[in-house]
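We number each residue from 1, following the sequence as shown. Keep in mind that what you see is a predicted model, and the values were worked out from it rather than measured.
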Amino acid sequence: MNEIDFNEERIKFGKHVLKLRRKIKSVEYQNRSISQQELADNSDYITKKTLGQIERGEVNFQFETLVALAQVLNVSLKELLDY
């Protein structure tokens, strides 16, 4: 069996989340992508700190966080996991 490099997978997933976030336009700042703080403010479940850790591939997170992340990014779970 092939070994899975979980650290590498977290980093790739984090880059995908960052790319998805950058597709969302900021309401506060014209011609800019939404910030981590602005995105976190739109969620009752995800903080700026958690979002930053996910984007940097530093943290394992629960399924509930994954669902909340998909919701706040306005993507399906399938699209979120298609990195």
Donor-acceptor contacts under 3.5 Å from residues 15-22 side chains, at least two apart:
unit_1: His16; atom_1: NE2; unit_2: Glu79; atom_2: O; d: 3.1
unit_1: His16; atom_1: NE2; unit_2: Leu80; atom_2: O; d: 3.3
unit_1: Arg21; atom_1: NE; unit_2: Glu55; atom_2: OE2; d: 2.6
unit_1: Arg21; atom_1: NH1; unit_2: Ile34; atom_2: O; d: 2.7
unit_1: Arg21; atom_1: NH2; unit_2: Glu55; atom_2: OE1; d: 3.1

Show me the side-chain donor-acceptor pairs of residues 56-66 shorter than 3.5 Å, one per line, residues at least two apart or across chains.
unit_1: Arg56; atom_1: NE; unit_2: Glu58; atom_2: OE1; d: 3.3
unit_1: Arg56; atom_1: NE; unit_2: Glu58; atom_2: OE2; d: 3.0
unit_1: Arg56; atom_1: NH1; unit_2: Gly52; atom_2: O; d: 3.3
unit_1: Arg56; atom_1: NH2; unit_2: Glu58; atom_2: OE1; d: 3.2
unit_1: Asn60; atom_1: OD1; unit_2: Arg10; atom_2: NH1; d: 3.3

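Here the CG-CD distance, from Leu77 to Gln71, works out to 10.5 Å after rounding to the nearest 0.5 Å. Put simply, CD on Gln36 and CD1 on Ile54 are 10.0 Å apart, with the number rounded to the nearest 0.5 Å.
Under a 4.5 Å side-chain heavy-atom criterion applied to ILVMFWY residues, the cluster that includes Phe6 comprises Ile4 as well.
With sequence neighbours left out, the side-chain hydrogen bond (donor to acceptor under 3.5 Å, both in side chains) criterion links Thr50 to Thr47. Every residue two or more places apart in sequence or in another chain was checked for a ring pair (Phe, Tyr, Trp, His ring centres under 6.0 Å) with Tyr29, and none qualifies. Partners of Lys12 according to the salt bridge (charged side-chain N to carboxylate O under 4.0 Å, His left out) rule, which considers only residues two or more places apart in sequence or in another chain, are Glu9.
Tracing side-chain contacts under 4.5 Å through hydrophobic residues (I, L, V, M, F, W, Y), one never reaches Leu51 starting from Ile11; they form parts of separate clusters.
Residue-environment remark: OH (Tyr45) stays at or below the threshold of 12 foreign heavy atoms within 6.0 Å.
The two residues Ser33 and Ser26 make their nearest non-hydrogen contact at O-CB, 3.6 Å.
Taking 4.5 Å as the limit, some side-chain heavy atom of Phe13 sits within range of a side-chain heavy atom of Leu81.
Residue pairs that meet the salt bridge (charged side-chain N to carboxylate O under 4.0 Å, His left out) test with at least one member in residues 30-45, sequence neighbours left out, do not exist here.
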Exercise for review: Output, in order, the C-alpha distance, side-chain angles, deciding distance and verdict of side-chain contact (heavy atoms from CB on, under 4.5 Å) for Ile24 and Asn74.
Suggested key: CA-CA 9 Å; Ile24 301 171; Asn74 198 31; 5.7 Å; no

